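Step one of this worksheet: look at the structure below.
Side chains are part of it too, since the values below use all heavy atoms of this structure and drop only hydrogens, waters and symmetry mates. Here the structure is a predicted model, which is why all the values come from computation and not from measurement.
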Amino acid sequence: QYYAQTSRSFFKNLDGNTAVNDYIDLMAFTSNPDKNITFSDEFNKLMGDGNMFRGEYEGAFVTTIYAAKLPIAYFGKGYDNCFTVVHEFGHYMNEVYSFETYADGEYSQSYDLLEMHSQGNELLYLCYLENNANFPQVANTLIRTHSLVNMFYSAVAGFTVDSFEQAVYLDTYTGTHADTIMADGTITADEYDLLYQGICTDYGVLDALDGYWEYGMTITSACYYVSYSVSALSVLQLYEMANTDGFDVAKDAYLKLFTYVDENPEMTMEETLAYAGMLSFNDEQLYISMNEYFLKK
């Protein structure tokens with residue numbers, strides 16, 4: 001069950017495929033029943049209407065061709081396991097649900113919120129598996145560990161890259177190896193590896209993250225990766241919510257991260273989280289609560 005969920009292809013794996021479909025069937029927009037959009041209908045359309053692509057390129061993503069009013073999803077080699085499909089489908093549902101609101105393509109949604117749609121869907125799927133899949137305890141433990149470690153990894157990795165970007169763009173650094181890097185008063189390209197090693201050492205994650213700065217989005221879209229951090233910290237509270245208040249309570253909060261556009265599409269991130277009944281990533285209580293909850297786990 002562990003490998004069926006975390007590494008085998010969703011498209012070639014009946015057990016994983018069934019679990020994802022059963023979860024998707026639960027995800028009706030109960031917080032806005034008048035809008036005739038459901039996860040299950042859109043998932044079936046995605047899989048059957050020709051706007052889902054697979055190939056050799058190693059990656060997965062969702063985008064929208066606005067001229068054709070067509071959201072599409074791509075799942076490449078090695079990026080098509082159950083959790084990746086659920087992750088990308090969170091993005092896909094936001095494209096579907098928000099399309100009328102942002103039909104001209106002028107999205108006012110932040111990267112932080114966009115990642116909450118995907119990462120939040122992963123955590124709710126994890127909660128569904130733990131409570132409904134009847135897996136052996138060892139499988140549940142492995143799947144939970146895999147998913148939560150990945151989420152915390154995303155948070156820490158995003159912060160390290162953000163620190164790297166700030167150092168490069170501000171051309172100043174005071175952490176580990178600073179005496180060497182700043183010896184001539186500036187950070188040069190041949191010092192980037194040493195700079196990132198120093199930052200990872202400062203964060204205590206050198207062995208896990210060394211080299212992460214080289215991923216392309218660091219160069220093409222500054223501040224991209226820190227959104228994974230903000231999102232991960234925000235949606236981890238959905239996992240706590242599902243396990244303390246019940247799956248339906250967490251699901252309702254998560255779905256409001258989509259349906260807020262029906263109330264006021266110009267909500268700020270703070271307002272959107274408040275509308276969903278979630279703590280802001282700027283609220284110290286979020287970190288206190290998450291720390292207390294996961295230490296008990």
Between F258 and F29 (judged by ring centroids, cut-off 6.0 Å), do the two rings come close enough to count as a pair? yes
Holding to ring pair (Phe, Tyr, Trp, His ring centres under 6.0 Å), I want the full list of residues that pass it with F83, two or more places apart in sequence or in another chain. Y125
Among all residues two or more places apart in sequence or in another chain, which pass the side-chain contact (heavy atoms from CB on, under 4.5 Å) test with N132? Y128
Residues at least two apart in sequence or cross-chain that pass side chain to side chain donor-acceptor pair (under 3.5 Å) with H87, listed by chain then number, are S118, E122
Distance (rounded to the nearest 0.5 Å) between L123 CG and Y239 OH: 8.5 Å
Rounded to the nearest 0.5 angstrom, the CG-CG distance for N131 and L126 is 9.0 Å
Going by salt bridge (charged side-chain N to carboxylate O under 4.0 Å, His left out), name the residues that satisfy it together with E42, two or more places apart in sequence or in a different chain. K45
Keeping the roles fixed (side chain from D252, backbone from D248), state whether a donor-acceptor pair exists under 3.5 Å. no
List for me each residue that meets ring pair (Phe, Tyr, Trp, His ring centres under 6.0 Å) alongside F61, sequence neighbours excluded, and say none if there are none. Y74
Using the side-chain contact (heavy atoms from CB on, under 4.5 Å) rule, take L26 and D22 through it: C-alpha gap first, then chi angles, then the decisive distance, then the call. CA-CA 7 Å; L26 292 179; D22 288 346; over 6 Å; no
Which atom names give the shortest non-hydrogen contact between S280 and L273, and what distance separates them? CA-CD1, 3.8 Å
Is atom OH of Y57 surrounded by more than 12 heavy atoms (other residues, nucleotides or ligands) closer than 6.0 Å? no
Is there a side-chain contact between D262 and Y97, using heavy atoms and a 4.5 Å cut-off? yes
What heavy-atom pair brings V96 and P71 nearest, and what distance separates the two atoms? CG2-CG, 4.0 Å
Find out if a path of hydrophobic residues (ILVMFWY) with successive side-chain heavy-atom gaps under 4.5 Å connects L286 to V226. yes
Looking only at side chains, do D193 and Q197 share a donor and an acceptor under 3.5 Å apart? no
I'd like to know if L238 and V149 are part of one continuous hydrophobic network [Ile/Leu/Val/Met/Phe/Trp/Tyr, side-chain heavy atoms within less than 4.5 Å]. no
How about N291: does its CG atom have over 12 heavy atoms from other parts shown lying under 6.0 Å from it? yes
Which heavy atom of T84 sits nearest a heavy atom of F75, and at what distance? O-CE2, 4.0 Å
Are Y196 and V168 close enough, and set up right, to give a side-chain contact (heavy atoms from CB on, under 4.5 Å), and what steps lead you there? CA-CA 10 Å; Y196 192 68; V168 170; over 6 Å; no
Would you say the side chain of Y260 lies within less than 4.5 Å of the side chain of L113, judging by non-hydrogen atoms? yes
Is the distance between the ring centroids of F152 and F294 under 6.0 Å? yes
Membership question, hydrophobic clusters at under 4.5 Å side-chain separation (ILVMFWY): are L70 and M52 in the same one? no
Is there a path of hydrophobic side-chain contacts, each under 4.5 Å between heavy atoms of I/L/V/M/F/W/Y residues, joining L114 to Y275? yes
Distance-only donor-acceptor check, side chains D162 and Y228, under 3.5 Å: no
Considering residues at least two apart in sequence or located in another chain, which fulfil the side chain to side chain donor-acceptor pair (under 3.5 Å) criterion with D49? none
Student check: side-chain heavy atoms of D25 and F43 closer than 4.5 Å: no
For D202, the side chain to side chain donor-acceptor pair (under 3.5 Å) test, sequence neighbours excluded, returns Y173, T176
Grab the two heavy atoms, one from L255 and one from A28, that are nearest each other, plus how far apart they are. CD1-O, 2.9 Å
Those residues at least two apart in sequence (or on a different chain) that pass ring pair (Phe, Tyr, Trp, His ring centres under 6.0 Å) with F135 are none
If every non-hydrogen atom of E115 is compared with every non-hydrogen atom of S227, which pair is closest and at what distance? CB-O, 4.2 Å
Work out which heavy atom in T101 is nearest to a heavy atom in P265; give both atom names and the distance. CG2-CB, 3.6 Å
How long is the straight-line distance from CZ of F247 back to OH of Y23, given to the nearest 0.5 Å? 5.5 Å
Short question: side chain of Q119, backbone of A232 - any donor-acceptor pair under 3.5 Å? yes
Sub-4.5 Å side-chain heavy-atom contact between M269 and F281: yes
So how far is it from D15 CG to F10 CZ, rounded to the nearest 0.5 Å? 12.5 Å
Could you walk me through whether Y2 and T145 satisfy the side-chain contact (heavy atoms from CB on, under 4.5 Å) test, starting with their C-alpha distance in whole Å, then the side-chain angles of each, then the deciding distance to 0.1 Å, before giving a yes or no? CA-CA 10 Å; Y2 168 69; T145 302; over 6 Å; no
D171 meets the side-chain contact (heavy atoms from CB on, under 4.5 Å) criterion, sequence neighbours left out, with T186, I187
Is there a donor-acceptor contact under 3.5 Å from the side chain of Q237 to the main chain of L279? yes
Could you state whether L129 and V249 fall into the same hydrophobic cluster, counting links through intermediate Ile, Leu, Val, Met, Phe, Trp or Tyr residues with side-chain heavy atoms under 4.5 angstrom apart? yes
To the nearest 0.5 angstrom, please state how far the CD atom of E130 sits from the CZ atom of R144. 5.0 Å
Does CD in Q285 sit with more than 12 non-hydrogen atoms of other residues, nucleotides or ligands closer than 6.0 Å? yes
The criterion is side-chain contact (heavy atoms from CB on, under 4.5 Å); which residues satisfy it with N264, sequence neighbours excluded? E266, M267
Evaluate the criterion side-chain hydrogen bond (donor to acceptor under 3.5 Å, both in side chains) for residue pair S163 and Y203; output intermediate values, then yes/no. CA-CA 10 Å; S163 296; Y203 275 87; 2.9 Å; yes
Which residues pass the side chain to side chain donor-acceptor pair (under 3.5 Å) test with S9, not counting sequence neighbours? D80
Test ring pair (Phe, Tyr, Trp, His ring centres under 6.0 Å) applied to Y287 - qualifying residues, sequence neighbours left out: none
Using a 4.5 Å cut-off on heavy atoms from C-beta on, say whether the side chain of N121 contacts that of V86. yes
Check the pair Y224 / E165 against side-chain hydrogen bond (donor to acceptor under 3.5 Å, both in side chains), numbers first and verdict last. CA-CA 10 Å; Y224 175 85; E165 290 172 343; over 6 Å; no
pair I24-T38: side-chain heavy atoms closer than 4.5 Å: no
Between the main-chain N or O of A157 and the side-chain N or O of T160, is there a donor-acceptor pair closer than 3.5 Å? yes
Kindly indicate, with the supporting measurements, whether the criterion side-chain contact (heavy atoms from CB on, under 4.5 Å) is fulfilled by M27 and Y254. CA-CA 10 Å; M27 299 299 288; Y254 170 69; 3.8 Å; yes
For the OG1 atom of T201 and the CG atom of L206, what is their distance to the nearest 0.5 Å? 4.0 Å
In this structure, is the centre-to-centre distance between the rings of F39 and F89 below 6.0 Å? yes
More than 12 foreign heavy atoms under 6.0 Å from OH of Y192: is that the case here? yes
